[in-house]
There are 2 protein chains.
Amino acid sequence: MVSNTASIIIPDGSVGVVQPEIIAFDEPLHLSSGQVLPQYELAIETYGQLNDDRNNAVLICHALNASHHVAGIDPNDPKNIGWWDNMVGPGKAVDTDRFFVIGVNNIGSCFGSTGPASINPETGKPWGADFPLLTVEDWVHAQARLADYLGIKKFAAVMGGSLGGMQALSWAITCPDRLENCIVIASTPRLTAQNIAFNEVARRAIITDPEFYDGDYYSRNTVPKRGLSVARMVGHITYQSDEVMAEKFGRAQRDPKEDGQYRYDYGVEFEVESYLRYQGEKFSKYFDANTYLLITRALDYFDPARAHNGDLARSLEAVKAKFLLVSFTTDWRFTPERSREIVQALLKNKRTVTYAEIDAPHGHDAFLLDDRRYHGVVQGYYDQIAEQLGLGPRQRTTGVLA
Amino acid sequence: MVSNTASIIIPDGSVGVVQPEIIAFDEPLHLSSGQVLPQYELAIETYGQLNDDRNNAVLICHALNASHHVAGIDPNDPKNIGWWDNMVGPGKAVDTDRFFVIGVNNIGSCFGSTGPASINPETGKPWGADFPLLTVEDWVHAQARLADYLGIKKFAAVMGGSLGGMQALSWAITCPDRLENCIVIASTPRLTAQNIAFNEVARRAIITDPEFYDGDYYSRNTVPKRGLSVARMVGHITYQSDEVMAEKFGRAQRDPKEDGQYRYDYGVEFEVESYLRYQGEKFSKYFDANTYLLITRALDYFDPARAHNGDLARSLEAVKAKFLLVSFTTDWRFTPERSREIVQALLKNKRTVTYAEIDAPHGHDAFLLDDRRYHGVVQGYYDQIAEQLGLGPRQRTTGVLA
């Protein structure tokens, strides 16, 4: 699935130009809500080779606005580099010289897998607001079927950051025999009231946008772009630490008057406003509003301890995987305390856990960024997995740690 | 100005039923922006008596959504108790048995003083978007004229929380001879990038609401209520600590299904959503959208150190007042660090400063709430002021500390 295109320069450590695949599933998927999705497609990308023992597969789960395009170069848009390209590639922390890595776009998303903008076979029109709500467990169920399709009985690792980490955790709980390692980065066993509150603000901004039309904006050839933009702006603030925003933007003015004075209007006065507006506008052009609603709701719902009266340790009793957890000191969305809670619950069950709390200034976004200590921990952990599975030594080191 | 109405029960420590006054100023006000407000009215309330020496006056400055109605009972709506009634009254921390307390609604607000919804004398129509932008310094200027009108040369104290604290600080800088004491609670010498970012989200929600009509929604008999509601929801999250939201709401469900299951829709699923929607809706019914924009911009602009290359100590060189500063440990909007910065800058100028950092769970909102240690500090400080000014001993103790 990996091919090179002559005119594109492939940097060292890149998996190269990658073609996505669409895989159709005809068996109905029974969802947590009680609804049934009659059929669906999943968009995936893969990097590296599945070995003969079929024991070197790694599943990467994505967060809110990411996709199956984890690494490498999009042939239709060479500037579109995979969202975790700094982590995944030949010689990188997740070393595709030795591991077969799978990126999958979740159902309900808007990058190729079946979602609200897809055609509902019963009506011949886009699902829109009728698309069923999904949970993290539903995604794991669909991903497990993908593993069946690819002939993978057990993953060397399931890995994700933020909402992706919730999926990895859910894999360990619901399919304990199907993964050797569970890698949960910048995640949480459940949202706090404040987390839900921010999601709700985003949803209200979208739903009350007059161009939302109860989710059926597709048929009106419009998009609730104002609401989506505000939603994204709120999100961006929560992904970054106060410190890093102070450092990046501070109170720097944008195009001040000649004497440095304020403009005294509601246009862009400060750099941080320009940044947020740009991010909001960009997002509203490529992301589907119904998907935003659906994924934030899946975040809200995730709470594996709920079935055990809030006892997280009990919810992890069936877990067999070894764990790596990573958190970041300035992440105020999913604080280190949330990761430590998972660590404690695993230790209570006498499971093998590696935990790294990385002192990084970037807030929640840190899980996507280059950081030597963070990538060093992940690389060391994967080298250990490779050794345990007999995948041979690392051939080269590229990326952040090169 | 304080009168009792027979049918209303006046609780112990209340200033009673209060009639606001409207005071008209015909002299033009020259604003920081270079614009001129030709004339304006201020709505005020007063409690207690101005003494013969005219040295017992206290000015209370309000924050974003408050008003001149600081204490006591609104005769038109007996449930409408002043926003700082737990702080101000006979026998309370700010003791109206000894102090003459003034509450003033700022220009640009929407509770009786001249603002965007007022009639522009030049056009005979509401000012709307043409109402000039204002700064904290402009408000102080207007308040100083009010002091002239009331015959008060020097306040015993100017006091405020949050944006009100910025006004108190600005008084000490711009009118150093007109206040003995400056009381700055849960405030900051300038907004951070994150603070500005949250303000900008709120403004975008309002401005992009199709019912905003570039600020001229008055003539259309409508209100950008969706945008105002989202703005208020964002605000509410930032006023509260993560901890207190966890305690008050946690993940409690609102009207769950009989088996406790989620509803799987975008209606209200969690208590915190219900709370936020209620707060947003309530706010959108009484608060003016143009005022919201104007006041958040005044917050953004405040930065007295700006005229001195960011050197706060230099900007405080002219200050003569003695200071009380109070901050709250869980206030992540204006953290204790911001208050400590003011303390340091004052100490560098060898000014007299009392500083209390209160360990309280309620976040920024703590400055409005009952807290024995917080009110104890303020009460002790006012007793000291009364002693220094020869206002006589406290007659009674009521309120939080009774």
Side-chain angles (χ1 to χ4, degrees), chain A residues 31-35 129 132-133 135 190-198 200-201 203-205 207-211 215 226-227 229-230 233-234 236-237 240-242 245-252 261-262 264-266 269-273 275-277 280 293 297 300-301 303 306 332 335, chain B residues 31-35 129 132-133 135 190-198 200-201 203-205 207-211 215 226-227 229-230 233-234 236-237 240-242 245-252 261-262 264-266 269-273 275-277 280 293 297 300-301 303 306 332 335:
Chain A
L31 305 173
S32 306
S33 65
Q35 286 190 268
L133 267 72
T135 63
R190 78 189 73 81
L191 296 201
T192 63
Q194 191 192 65
N195 294 147
I196 296 173
F198 278 122
E200 175 68 0
V201 169
R203 283 191 295 264
R204 294 310 293 169
I207 289 173
T208 64
D209 185 326
E211 292 190 89
R226 292 170 287 229
S229 177
V230 166
M233 288 169 77
V234 174
H236 255 284
I237 301 175
Q240 298 186 33
S241 68
D242 189 21
M245 289 188 93
E247 198 184 294
K248 274 164 79 173
F249 309 108
R251 296 179 51 85
Q261 268 309 297
Y262 296 129
Y264 292 104
D265 62 31
Y266 302 118
E269 190 84 90
F270 297 95
E271 286 288 352
V272 67
E273 297 173 335
Y275 167 82
L276 283 178
R277 288 191 193 189
L293 300 179
R297 240 341 174 202
D300 291 353
Y301 287 145
D303 183 10
R306 190 165 173 269
W332 61 279
T335 62
Chain B
L31 306 173
S32 306
S33 65
Q35 287 189 268
L133 266 72
T135 63
R190 78 189 72 80
L191 296 201
T192 63
Q194 190 191 66
N195 294 147
I196 296 173
F198 277 122
E200 175 67 0
V201 169
R203 283 191 295 263
R204 294 310 292 168
I207 288 174
T208 64
D209 185 325
E211 293 190 89
R226 291 171 287 230
S229 176
V230 166
M233 289 169 77
V234 173
H236 255 284
I237 301 175
Q240 298 186 32
S241 68
D242 190 19
M245 289 188 93
E247 198 185 292
K248 273 163 82 173
F249 308 109
R251 296 180 51 85
Q261 268 309 297
Y262 296 129
Y264 292 105
D265 62 31
Y266 302 118
E269 190 84 91
F270 297 95
E271 286 289 351
V272 68
E273 297 173 336
Y275 167 82
L276 283 178
R277 287 192 193 189
L293 300 179
R297 244 334 178 208
D300 291 353
Y301 288 144
D303 184 9
R306 190 164 173 270
W332 61 280
T335 62

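Reminder, nothing fancy here: chain letters follow the sequence lines and each chain counts from 1. Values in this document were obtained by computation on a predicted structure and should not be read as measured data. All values below come from the heavy atoms of this structure, side chains included, with hydrogens, waters and symmetry mates left out.
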[atom1]/[X] to [atom2]/[Y] distance, rounded to the nearest 0.5 angstrom?
{"X": "A/Arg204", "Y": "B/Glu273", "atom1": "CZ", "atom2": "CD", "result": "9.0 Å"}
{"X": "A/Phe249", "Y": "A/Gln240", "atom1": "CZ", "atom2": "CD", "result": "5.5 Å"}
{"X": "B/Tyr266", "Y": "A/Asp300", "atom1": "OH", "atom2": "CG", "result": "10.0 Å"}
{"X": "A/Thr192", "Y": "A/Phe198", "atom1": "OG1", "atom2": "CZ", "result": "9.0 Å"}
{"X": "B/Met245", "Y": "A/Ile196", "atom1": "CE", "atom2": "CD1", "result": "9.0 Å"}

Top of [options] for chain A proximity - count of heavy-atom pairs under 4.5 angstrom:
{"options": "B/Arg251, B/Arg190, B/Glu269", "value": "B/Arg251"}
{"options": "B/Leu276, B/Asn195, B/Asp242", "value": "B/Asp242"}
{"options": "B/Thr135, B/Val234, B/Asp303", "value": "B/Asp303"}
{"options": "B/Arg203, B/Arg277, B/Glu211", "value": "B/Arg277"}
{"options": "B/Pro132, B/Ser241, B/Ser32, B/Gly34", "value": "B/Ser32"}
{"options": "B/Glu247, B/Gln261, B/Lys248", "value": "B/Gln261"}

Quiz item: chain B heavy atoms under 4.5 Å from A/Ala246: which part of the residue, side chain, backbone, both or neither?
Solution: backbone
Quiz item: Side chain, backbone, both or neither: which part of A/Phe270 has an atom under 4.5 Å from a heavy atom of chain B?
Solution: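 The side chain, not the backbone.
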What part of [X] lies closer than 4.5 angstrom to a heavy atom of chain A: side chain, backbone, both or neither?
{"X": "B/Ile207", "value": "side chain"}
{"X": "B/Gln35", "value": "neither"}
{"X": "B/Tyr275", "value": "neither"}

Quiz item: Which heavy atom in B/Ser33 sits nearest to a heavy atom in B/Leu133, and how many Å separate them?
Solution: OG-O, 4.0 Å
Quiz prompt | Nearest non-hydrogen partners of A/Asp265 and B/Tyr301, listed with the distance | solution = N-OH, 3.6 Å
Self-check item: Top contributor to chain B contacts, counting heavy-atom pairs under 4.5 Å, from A/Leu191, A/Ile237, A/Leu31, A/Val230
Solution: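 Counting heavy-atom pairs under 4.5 Å, the top option is A/Ile237.
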Self-check item: Selection from A/Asp209, A/Thr208, A/Thr335 maximising heavy-atom pairs under 4.5 Å formed with chain B
Solution: A/Thr208
Quiz item: Cation over ring, B/Arg306 on A/Tyr262, under 6.0 Å and within 45°?
Solution: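 The answer is yes; both the distance and angle limits are met.
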